[in-house]
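All figures in this text were calculated on a predicted structure; none of them were measured in a lab. Sequence lines set the chain letters: A, B, ... in the order given, protein chains first and strands last, and positions in each chain run from 1. Worth knowing before you read on, the calculation uses all heavy atoms, side chains too, and leaves out hydrogens, waters and symmetry mates.
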Amino acid sequence: MPELPEVEVVRSGLATALAGKSFGSVTVLHPRPVRYDPLGPEHFARLLSGRVLDAPRRRGKYLWIPFEDGDALLCHLGMSGQFRINRPEDPLLPNTRVLFDLQPHGDQLRFVDQRMFGGLQLAIGGAELPGVIGHIAMDPFDDDFDPLTVGRELVSRRSTVKRALLNQTLVSGIGNIYADETLWRSRLHGDTPCHALGGRKAAGVLRTSRQVMAEALEQGGTSFDALYVNVNGSSGYFARHLDVYGREDLPCHRCGRSIVRDRFMNRSSFRCPRCQRLPRQVAPPNGQDATLGCKP
DNA sequence: ACTATATCCTGTATGC
DNA sequence: TGCATACAGGATATAG
C-alpha cells in the first residue's frame with residue numbers, strides 16, 4: 001500500500017534505528033514474505049545473520065539495507081508491510097512475519113505484513129542497486145531523474161496517462177493515490193492518451209508528481225489506518241491534505257463539483273468531472289487508432 | 001515488443 | 001449475531 005513517500009518515511013526511520021548495527025539471529029515466522037529468496041527461508045535466515053548494516057537506500061517503492069560486504073537485504077512493503085523496532089520481550093503484533101535480532105544493545109527489527117504481498121530477499125552484490133530491481137525506473141526524487149527525458153518516453157507510450165504513471169518501468173514510486181492527486185493538479189483525465197500530451201506537458205505532469213509526493217513526505221506520508229505506520233508505529237498526516245483520492249461525492253477543492261469515482265484495473269480512480277475532462281480527439285502518431293483511450 | 005488482465009493474501013466495513 | 005460480498009495504497013506472470 002505504501003507509495004514512495006511512505007516508503008521514504010520507513011527508510012528514514014530505519015536509517016536512524018539501524019545505524020551502527022549488525023544482524024544477530026534471524027527468525028522466519030512465515031515463509032511467504034521470503035518467497036522470492038532463491039535459497040529458501042532457512043538459508044535466508046542463516047545467510048543474513050552476522051551481517052554489518054549500512055545506511056538503507058530506496059528506489060521508487062523498493063528499499064534495501066546494504067551490508068558492509070557488498071550484499072543487501074531487498075525489501076518491498078507490498079500493500080501492508082511494516083517494519084517495527086521492539087525489544088525482544090515485547091509481545092508480537094498480529095501478522096509478524098520475520099524477526100531480526102540487532103547487535104549491539106539487543107533490539108529487534110520486525111517485519112509485519114498482513115496481506116503478504118510484500119517481500120524480503122537477500123540480494124547478492126546488491127548494495128549499490130540490487131540486480132532484481134534493474135527494471136525499476138528512477139523515481140522523481142532521483143538526482144539523475146530528468147522530467148523532459150521521461151516525459152518524452154511517456155508521450156511515446158500507446159497507453160493512457162494514469163496507466164503510464166503507475167508503470168514502474170517508466171517512472172517509479174507513484175501508486176494509485178499519488179497518480180490521482182497528480183492528475184487532479186494537472187487537470188488531466190487519467191484516460192487521456194499519452195500521445196495527446198506534448199513532451200512539455202508530460203514533463204510538467206512528472207514534476208507535479210514530485211511536488212505532490214514532496215508535500216506528502218513533509219506530512220510524514222499518507223495513512224488511512226494502522227496498516228501503514230512508520231517504524232515507531234505512528235501514522236502520517238497527508239490524508240487530510242488529499243484533493244481527490246477517497247473524496248467521492250465531496251466538493252472539488254477548485255471548482256466545487258462533486259468528485260466522482262471510476263473503476264479502473266480492479267481499483268478506484270477519483271477525479272473531478274469538470275476540471276479533469278478528456279480532450280477532444282488528438283491526432284495520433286501514424287498507425288494508431290484516433291479514438292484510442294478516448295470516450296465520447 | 002508492448003499492453004491489459006488475473007492473481008497472490010488477510011482483514012475490515014457494509015448490507016441483508 | 002451471522003453470513004456474504006466488496007474493497008484495500010502493488011507487482012508480476014501470462015494472455016492477447
S.K.: Quote, to the nearest angstrom, the P distance that separates C:dG9 from B:dT14.
M.R.: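 Roughly 16 Å separates the two P atoms.
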S.K.: Within a strict 4.5 Å, meaning less than it, do heavy atoms of the A:Val260 and A:Asp249 side chains meet?
M.R.: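 Not in contact.
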S.K.: Taking the P atom of each, how far is C:dT14 from B:dC9, in whole Å?
M.R.: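 One P to the other, the span is 15 Å.
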S.K.: Does A:Arg267 or A:Asn167 map to a spot on DNA chain B nearer the 5' end, using the closest nucleotide for each?
M.R.: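 Its nucleotide being nearer the 5' end, the pick is A:Asn167.
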S.K.: Can you check the distance between B:dA6 and C:dA6, where both ends of the measurement are the P atom (answer in whole Å)?
M.R.: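 Taking atom P in both B:dA6 and C:dA6, they lie 15 Å apart.
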S.K.: Describe the nucleic acid contact of A:Arg35 in one word from base, sugar-phosphate, nothing, applying a heavy-atom distance below 4.0 Å.
M.R.: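 The residue A:Arg35 makes no contact with any strand.
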S.K.: If I pick the P atom on B:dG11 and the same atom on C:dT12, what distance separates them, to the nearest angstrom?
M.R.: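 Pairwise P distance, C:dT12 against B:dG11, rounds to 24 Å.
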S.K.: Counting N and O atoms only, with roles assigned by atom type, does the side chain of A:Glu248 sit under 3.5 Å from a partner on the main chain of A:Ile259, one being a donor and the other an acceptor?
M.R.: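 Looks like no, no N/O pair under 3.5 Å.
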S.K.: Go through A:Arg185 and A:Thr208 one step at a time and tell me if the side-chain hydrogen bond (donor to acceptor under 3.5 Å, both in side chains) criterion holds.
M.R.: CA-CA 7 Å; A:Arg185 287 203 196 186; A:Thr208 299; over 6 Å; no
S.K.: A:Leu29 CG to B:dT10 P: how many Å, rounded?
M.R.: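 Distance check: A:Leu29 CG to B:dT10 P gives 15 Å.
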S.K.: For B:dC8, does either OP1 or OP2 sit under 4.0 Å from a side-chain N or O belonging to A:Arg32?
M.R.: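 No, A:Arg32 has no side-chain N/O under 4.0 Å of OP1/OP2 on B:dC8.
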S.K.: Can you tell me if A:Arg57 uses its side chain to pair, donor with acceptor, with the backbone of A:Tyr62 under 3.5 Å?
M.R.: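 Judged by distance alone, no pair lies under 3.5 Å.
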S.K.: Please state how far atom CZ in A:Arg115 lies from atom C1' in C:dG10, giving the value in whole angstrom units.
M.R.: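 Between C1' of C:dG10 and CZ of A:Arg115: 9 Å.
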S.K.: In this structure, how many angstroms lie between the P atom of C:dG9 and the CD atom of A:Glu3, rounded?
M.R.: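 Computing the A:Glu3:CD to C:dG9:P distance gives 8 Å.
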S.K.: Within less than 4.0 Å of OP1 or OP2 of C:dG9, is there a side-chain N or O belonging to A:Tyr245?
M.R.: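 A:Tyr245 to C:dG9 OP1/OP2: side-chain N or O found under 4.0 Å.
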S.K.: Phosphate oxygens OP1/OP2 of C:dG9: is one of them under 4.0 Å from a side-chain N or O of A:Ser80?
M.R.: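 So the side-chain polar atoms of A:Ser80 never come under 4.0 Å of the phosphate oxygens OP1 or OP2 of C:dG9.
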S.K.: Under 5.5 Å between ring centres and under 30° between planes: does that hold for A:Phe117 against the base of C:dA11?
M.R.: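 So A:Phe117 does not count as stacking on the base.
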S.K.: Which base, if any, makes a Watson-Crick or G-U wobble pair with C:dC3, both distances under 3.5 Å?
M.R.: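 The answer is B:dG15, by the H-bond criterion.
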S.K.: Which of parallel (below 30°), tilted (30 to 60°) and perpendicular (above 60°) describes A:Phe44 and A:Phe100?
M.R.: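 Perpendicular.
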S.K.: Would you indicate, yes or no, if B:dT5 has its OP1 or OP2 atom less than 4.0 angstrom from a side-chain nitrogen or oxygen of A:Arg163?
M.R.: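 Result: yes.
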S.K.: To the nearest angstrom, how far is A:Tyr36 atom OH from C:dG10 atom P?
M.R.: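 In whole Å, C:dG10 P and A:Tyr36 OH are 14 Å from each other.
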S.K.: Just compare C:dG10, C:dA8, B:dA4 and give me whichever is closest to any side-chain atom of A:Ser159.
M.R.: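 Of the candidates, B:dA4 comes closest.
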S.K.: Would you kindly give the CE-to-C1' distance between A:Met116 and C:dG10, to the nearest whole Å?
M.R.: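 From A:Met116 CE to C:dG10 C1': 15 Å.
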S.K.: Without swapping roles, check the side chain of A:Gln114 against the backbone of A:Ser80 for a donor-acceptor pair under 3.5 Å.
M.R.: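 A pair under 3.5 Å: no.
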S.K.: In whole angstrom, what separates A:Asp113's CG from B:dC9's P?
M.R.: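 In whole Å, B:dC9 P and A:Asp113 CG are 12 Å from each other.
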S.K.: Pairing check on C:dT14: which nucleotide meets the Watson-Crick or G-U wobble criteria with it, both distances under 3.5 Å?
M.R.: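 Base partner found: B:dA4.
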S.K.: Within the structure shown, what part of the strands sits under 4.0 Å from A:His135 by heavy-atom distance: base, sugar-phosphate, or nothing?
M.R.: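 Counting heavy atoms under 4.0 Å across all strands, the contact made by A:His135 is with sugar-phosphate only.
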S.K.: I want to verify a distance call: between C:dG9, B:dT10, B:dT3, whose nearest atom is closest to the A:Gln114 side chain?
M.R.: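 Closest nucleotide among those given: B:dT10.
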S.K.: Measure from the side-chain heavy atoms of A:Glu6 and tell me the nearest of C:dG9, B:dT5, B:dC9.
M.R.: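 Taking heavy atoms from C-beta onward, the closest nucleotide is C:dG9.
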S.K.: Does the side chain of A:His76 get closer than 4.0 angstrom to OP1 or OP2 of C:dA11 through an N or O atom?
M.R.: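 So the side-chain polar atoms of A:His76 do come within 4.0 Å of the phosphate oxygens OP1 or OP2 of C:dA11, strictly under.
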